[in-house]
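Right, one structure below, let's go through it.
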Number of protein chains: 2
Amino acid sequence: MPEQPVPEQLPGHRPTLEAVAERAGVSRATASRVVNGGDGVRAHLVEKVREAVQELGYVPNPAARTLVTRRTGAVAVIIAEPEIRIFSDPFFSRQIRGISKELTAHDTQLVLLLVEDRGDYDRIERYLAGGHVDGALAFSLHTDDPLPAITRRVGMPTVYGGRPGWAPVSGGHGGVAYVDADNRGGAREAVRHLLDQGRRRIAHIAGPLDQTSAVDRLDGYRDVLLDADPALIAEGDFTAAGGAEAMAGLLERCPDLDAVFAANDLMATGALRVLRERGLAVPGDVALVGFDDAELVAESADPPLTTVRQDIEGMARLMAQLLLRTLDKAQGDRAVPASVVTPTALVRRAST
Amino acid sequence: MPEQPVPEQLPGHRPTLEAVAERAGVSRATASRVVNGGDGVRAHLVEKVREAVQELGYVPNPAARTLVTRRTGAVAVIIAEPEIRIFSDPFFSRQIRGISKELTAHDTQLVLLLVEDRGDYDRIERYLAGGHVDGALAFSLHTDDPLPAITRRVGMPTVYGGRPGWAPVSGGHGGVAYVDADNRGGAREAVRHLLDQGRRRIAHIAGPLDQTSAVDRLDGYRDVLLDADPALIAEGDFTAAGGAEAMAGLLERCPDLDAVFAANDLMATGALRVLRERGLAVPGDVALVGFDDAELVAESADPPLTTVRQDIEGMARLMAQLLLRTLDKAQGDRAVPASVVTPTALVRRAST
DNA sequence: CCGTTCGCCGGGAGCGCTCTCAGGCTCCCG
DNA sequence: CGGGAGCCTGAGAGCGCTCCCGGCGAACGG
């Protein structure tokens, strides 16, 4: 690929469309038409304008463009997570990555908004209301999250990652679009797998029950174990430490358990540590299943974790696609895209 | 905190400064002055304008503002990393987080640009040239990275995370500003610590030597072990798998080694696994030191890793500060801020 | 050969804001 | 009481772009 000699913009000011037009000997309107695709402009003029653009190193001024079109070509990604998880979970990176891929493929920019504490929501609202972005993607809503109210108030098209607490599970709408993994189905599969292995006292370490993913996984567990002993269920917080604590509690209450289904891999590793400390063999004495198939966690655990995989990056891309599609047609009419639930898959490794 | 009744913007169009001015009975100019701080406007008019803003739910149009001020209030964060690392390393999250904190504290937005392959650099250049952002922060440059050429060409103020390959080590400039940890000093401390423990055959698993952080850590190792046996040095790639491979090679060449200094924690965990597989006790037979004090890696390793901590988040914040300061005063004159090298600290755990 | 249609181009308005500049007012000092 | 200094304010230009609309020429049908 030959290096294009890009003209340096030393003269302080960048060339405007006006300059391009003049150089090409056409009007500003025609130059604009060419820059935006060139439909309805005769070929030789298109050529001339393109040359002028090249020679001057013209790049459109996005602010001017946004001012008149009322589109920014940017999308906000809002991530609200307590410190701990964001650090430890590679989730974050993978989601961002999936979104980034999809957005750049559509020439759309990614503006990242991290929410540290509740006070930040004012800032977020101002930002969204300001028209800096055309739409928003948001993750991991908790039941009392103020975000939905905000996006509705400012009329910002938004797609959520993970089913929000107040949204119906069925593909239905409820005025909100989301992409979620089939948490309940995945949980069912995990538990059935444990049953298939001959396990009978199957415990569950749930996630924080103010998150729908945790609730759905618990529901999946109960779907299969209709008459599960409540003592076999402990609530964790999706961290390894929380998983360890929950495991300790479970062992105390039910020393006879022979399997554990943890609502995520991190908690499973915590559980693993406790089991090992107590001298219980995995999977010999206790079989263990996680959820997520988290990079660097599930596979490198000792023993490697059987777990339920969800396609994080694919889900993230899907979110972006949904949003972009809405923005494309919306342009006025408020079409809410349908939500999508993506399948999960059991990955069998040595822990069961 | 009483909920402010935010007026919904149903009438399609948002109120303009004009509308605010009219409602407040002042000129657009005065309204603008109030919105931008209100200096030089008499108190009662300030009050009136503020009220009008409240009542109408006015939010300035950033595009219009940018068009005239030529400032966007946004900064690009450019991250170029091969797949593997970005997924596995919590680095990414922590850097982003530090930057985000600093930027939002200065009312500046964060536009994320992820580089997947070299073809993306064209896109990046166009974007930066487009004037979407006022400055850029970039990470992990490799020696042949095209980014510096781009930022220079489009005249984009940029601060690098980690010393770029062509930049001098000394606090000096070379026309480029960066923030880096004291990799060399940290490495020296790690190796001296191993010596203090009575170790004599100290190996080093280096990072990829096209990254300055890897080179600097290797240099630090050599600073202390002036006459180190070249056979004691292996090159990894900063991943666990690479660390394992390097460790295997080292054991083959030098079965008598009694300590390993790995250039990051991930490689240290890989090494750990290999050592365990070979039946070598850590730290009994071989002492092990990592680098980074990576979340979820160093502390939760078995045994927990002695490692060199660097303050990722602090460094990231520093980068943002440096850039913002440049942007503040620059506004025309091209002041390049001085680079900063931040200290590291040895964290002693059970692996030595 | 003329009228009409259609395709293509240019003029010009206007998006919402900032900022310069001139003018008006007040206030103080002589 | 007059005049100058200083402080506020408003008018207006203009940032760079898109897009409507009017006009002009070519083409085509009658």
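In what follows, chains are A, B, ... by sequence order, proteins preceding strands, each numbered from 1.
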Hunt down the Watson-Crick or G-U wobble partner of C/dG30, both distances under 3.5 Å, from any strand shown, or write none. D/dC1
From [options], pick the nucleotide closest to the side chain of [X]?
{"X": "A/Ser32", "options": "D/dG16, D/dT18, C/dT18", "result": "D/dT18"}
{"X": "B/Thr69", "options": "C/dC19, C/dC17, C/dC15", "result": "C/dC19"}
{"X": "A/Leu17", "options": "D/dT18, D/dG16, C/dC17", "result": "D/dT18"}

Using atom [atom1] of [X] as one end and atom [atom2] of [N] as the other, report the distance to the nearest whole Å.
{"X": "B/Glu18", "N": "D/dG12", "atom1": "CD", "atom2": "C1'", "answer": "12 Å"}
{"X": "B/His132", "N": "D/dC17", "atom1": "NE2", "atom2": "C1'", "answer": "13 Å"}
{"X": "A/Arg65", "N": "D/dC17", "atom1": "CZ", "atom2": "C1'", "answer": "8 Å"}
{"X": "A/Asp39", "N": "C/dG7", "atom1": "CG", "atom2": "P", "answer": "13 Å"}
{"X": "B/Asn36", "N": "C/dC19", "atom1": "CG", "atom2": "C1'", "answer": "11 Å"}

The single option from A/Thr66, A/Asp134, A/Thr108 passing side-chain hydrogen bond (donor to acceptor under 3.5 Å, both in side chains) against A/Thr72: A/Asp134
Applying salt bridge (Lys or Arg N to Asp or Glu O under 4.0 Å), name anything that partners [X], two or more places apart in sequence or on another chain.
{"X": "A/Arg123", "answer": "A/Asp120"}
{"X": "A/Glu51", "answer": "none"}
{"X": "B/Arg42", "answer": "none"}

Short side-chain N/O contact to D/dC15 OP1/OP2 from A/Asn61, under 4.0 Å: no
With sequence neighbours left out, the residues meeting side-chain contact (heavy atoms from CB on, under 4.5 Å) with A/Thr16 are A/Glu18, A/Ala19
What string of B, S and - do you get for nucleotides 8-13 of chain C, 5' to 3', if B is base contact, S is sugar-phosphate-only contact and - is no contact with any protein heavy atom under 4.0 Å? SBBBBB
Sequence neighbours left out, what passes ring-ring contact (aromatic ring centres under 6.0 Å, His included) with A/Tyr160? Give chain and number order. none
